[in-house]
Structures are given as structure tokens and as C-alpha cells.
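Report on one structure; see the data block that follows.
None of these values were measured; they are calculated from a predicted model. First the proteins, then the strands, lettered A, B, ... as listed; each starts at 1.
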Amino acid sequence: MSFQSEIVKWYLSNKRDLPWRDTTDPYVIWLSEIILQQTRVEQGKPYFLKFLENFPNVSAFASASEEQVLKLWQGLGYYSRGRNMLYTARYVVANYGGQFPTSYEQLIKLKGVGSYTAAAISSFSSNEQQAVVDGNVYRVLSRYFGIEEPINSNLGQKMFSELAKELIIDQEPAIYNQAIMEFGALQCKPKSPVCSECPVQLGCYAFKHKKIDQLPVKLKKVKVRKRWFNYFVGITGDEILTKQRMPGDVWQHLYDFPLIETEEEVSMTSNEFLTQVEKLFGKDLELKVLEGKKHILTHQIIYVQFFAIDNYIVNFNQHAEIKSVKIEAFKQLPHPKIIGDFIEKHID
DNA sequence: AATCCGGGGTC
DNA sequence: GACCCAGGATT
């Protein structure tokens, strides 16, 4: 039996029961695929259900506000996915009359939809012969066929997508694509794959040559930047100071607190820091240390320090980005995870 | 071609 | 701590 047939056979008896399977609605598939980008199934599942409940179709999604979408997205990360979804939902309503496209050619033009997602939606919704190449596929193919070209090199990506394209010929695209990804996720895992019970063990290059833990090859050395965020929690009566984050940095469009970023950990005796703080909040400011947290992102480690401020004065003319809003309204805004956690813990 | 964009799970 | 997750956009 061929590699592909074995994988499909394995899939039919081992697949998970997931809420986005058993539908060919391209809108629902799109929803699931965007949410699952760089996101584990178990992490994405509750978000998928929440989004489907709030937005049962693309028209409902299109009529949402960005704040509504980002609030639902809160905690999932890579927030541009949420912003792009809203853009795309409106685009589909405006240009396709709310009929979500199913062809690769149309899908690839949508914001937030790349080659993987276009292949996934087109094959799952209309059985178009487009091969998905995601992290699972890279791993399974590199191991089974013994491809040592790095999966994130230009040549590597080309080789893997060519191979995937050949393999899907004569397969049922929807099932085969899901099968090879599920196989990668459950059987041919990154760490400790279940080779002893593998249906394609005999043909597997990596198993034969004992290179399971060396494939796939991936070039990588991401430098992690360290940053120090000093947040100021200012509450007067039933209002709190907040600020929306701007383009060009993490958490774009989400709401946090007034912030002074420094090159290193600040000390309360640093004149330079205190001068900056007074410049923002006035001379009579009372400052208290609340708590410190370490927040890890892909390319950054952010050391977050929260300060409580009292008796502050903000010159809203000079600092138009800072606003004072009702605490209840503030809570409804979308926040970065680190801020959302702080609010839950400290602000009733 | 390299870098940025989150948060969480696993070993 | 290192790696990875049903990747995509930007420079």
C-alpha cells in the first residue's frame, strides 16, 4: 500500500472528533483555520466555538466592531489575525455578497490567508486539489522521505511543496490533507513520535537511519530582545487611565496603561526615571510599587512592572494617547494577556 | 531572506 | 531553556 493510502487509513481510525470537521462551509473552515495558525488545537477550540456563536456567518462577522473582535480574541495572541479577519469578512460581504469563496485562487487574495490556509479551505470545502504544507507536513515528509533541506529555507519550502503536490494526486484532497496533518500531530510528533506503532515505519527514511530526532532540519537563531515596561495604574473615583497601543509594536490596537519603557530595570531612587514620571503625572505624584511580572513573547522578553499612582495630574493635551475612562468600560476593552490578568487580579 | 507578531504546551 | 504549534505580513 502507498504512503498516502496508509496515512488515510490511519486517519480514518485515529482521527479526533473536532468541531470544525464535518462541515464544508468555507466560512466555518476559514474561522477554524485562522484561529489554528500557530496555535494548538486544544488552545484554539474554545475560541472557535466562541467566535462561531457570536458570528454564525460571515455577514454577522462583518458587522462587528474591531474592539468586539479583539476582545473575543483576547489571550490568543497574534492579534493581526483578528484584525485581518474583520477586514476579510467585510471584503467578502462587499465583493462576494457574503458568499465565502472556495477556490484557492480567490482565497489566496484574502488578507490573512496564505498558501497553507488557501489550500486548507479550498480542499476542505470543495475538494480542490491543493496540498497543505504546515508544520506537521514538513515534519512527516522530511522524516519519511529523508529530506534534509531546511524547511524554512527558500529551496526547502519549494521542495516540500512540490513533493506535497505530487503526493496528493489521485488522493481525495479533503481527507488526505487532514490525514497527513493529523498524523503529524498525533503520531509523527516533534518529540517522541510513536514509531513503534507507525503504519509507515518500514518505508520511513528517518526511522531506518535513526535520524528521527534530527529531522526536520530548521535554521533558526532568533535573537530575543529584552524590554522593561513600567506601567502606571491611575485610578480616580470610577475612572482609570488607559492608552491604546499603536502600530509598529506588539499588541497593536489593544489597550494597556500609561507606560514608560526603559532599557533596564528601574530603581525607585533613579532620578532619571522619577523625572520622567513627574513629567507625565505632575510633581505631587505618589508612587507605589505593585508587582513585577516576566512576560515571554516569541522575539521579546518583557519585564513588566506595575506602579500604583495617586494624586496625579495628566496633561491630556500633551499626551493625547492617554485617556481616562470608566473602569467598567475599560474592562470591556481588548487587552494584552498580561494586562487582562492584572485587571482580573487587582481591579474589582 | 530575515524578522516580526503571542501565548501556551512539552520535554 | 529550547522547541513547537493545522502561518502570514512586512521589510
* Side chain of A:Leu18 only, please: which of B:dG7, C:dC4, C:dA6 is the nearest? => C:dA6
* Could you state the atom-to-atom distance from CG of A:Asp213 to C1' of B:dC11 in whole Å? => 13 Å
* Asked: Is any side-chain nitrogen or oxygen of A:Lys337 closer than 4.0 Å to OP1 or OP2 of B:dG8?
  -> yes
* Return no unless some side-chain N or O of A:Thr117 is found under 4.0 Å from OP1 or OP2 of C:dG8. => yes
* To do: Indicate, with yes or no, if the rings of A:Phe232 and A:Phe281 have centres closer together than 6.0 Å.
  => yes
* Structure fact -> Taking every heavy atom of A:Tyr255 against every heavy atom of A:Pro336, the minimum-distance pair comes out as O-CD, 3.3 Å
* Asked: Start at the 5' end of DNA chain C and walk down; is the nucleotide closest to A:Leu110 or to A:Asn177 reached first?
  -> A:Asn177
* Give a yes/no on whether any side-chain N or O of A:Trp251 is located under 4.0 angstrom from OP1 or OP2 of B:dG7. => yes
* Asked: Does any residue of residues 291-302 of chain A have a heavy atom under 4.0 Å from DNA chain B, and if so, which ones, in number order?
  -> A:His295, A:Leu297, A:Thr298, A:His299, A:Gln300
* Hey, does A:Trp73 reach any base, or is it just sugar-phosphate, or nothing, if we go heavy atoms under 4.0 Å? -> nothing
* Residue of the set A:Gln244, A:Arg245, A:His335 for which side chain to side chain donor-acceptor pair (under 3.5 Å) holds with A:Asp256 -> A:Arg245
* Test: A:Lys50 cationic atom under 6.0 Å from A:Tyr47 six-membered ring centre, within 45° of axis -> yes
* Asked: Which parts of residues 128-142 of chain A get close to DNA chain C, meaning a heavy atom less than 4.0 angstrom away?
  -> A:Asp134, A:Gly135, A:Asn136, A:Arg139
* To do: Write down the distance between CZ (A:Arg16) and C1' (C:dC5), rounded to a whole number of angstrom.
  => 11 Å
* Asked: Which is it for A:Phe257 and A:Phe342 under the ring pair (Phe, Tyr, Trp, His ring centres under 6.0 Å) test, yes or no, and what are the steps along the way?
  -> CA-CA 11 Å; A:Phe257 299 122; A:Phe342 178 88; 5.8 Å; yes
* Distance below 4.0 Å between A:Tyr78 side-chain N/O and C:dA9 OP1 or OP2 -> no
* Structure fact -> Separation of C:dA6 atom P from A:Leu36 atom CG, nearest Å, is 8 Å
* To do: Indicate the atoms forming the closest heavy-atom contact of A:Gln99 with A:Val92, along with that distance.
  => O-CG1, 3.8 Å
* Compare the minimum distances between each of C:dC4, C:dA9, B:dG6 and the side chain of A:Asn84, then state the nucleotide with the smallest one. => C:dA9
* Residue A:Gln37, side-chain heavy atoms: nucleotide from C:dG8, C:dC4, B:dC5 that is nearest -> C:dG8
* Considering all heavy atoms of both residues, which atom of A:Ala185 and which atom of A:Arg16 are nearest to each other, and what is their separation? -> CB-NH2, 3.8 Å
* Name all residues meeting the salt bridge (charged side-chain N to carboxylate O under 4.0 Å, His left out) criterion together with A:Glu264; count only those two or more places apart in sequence or in a different chain, and write none if there are none. => none
* To do: Measure from the ring center of A:Phe100 to the ring center of A:Trp30 and say whether it is less than 6.0 Å.
  => yes
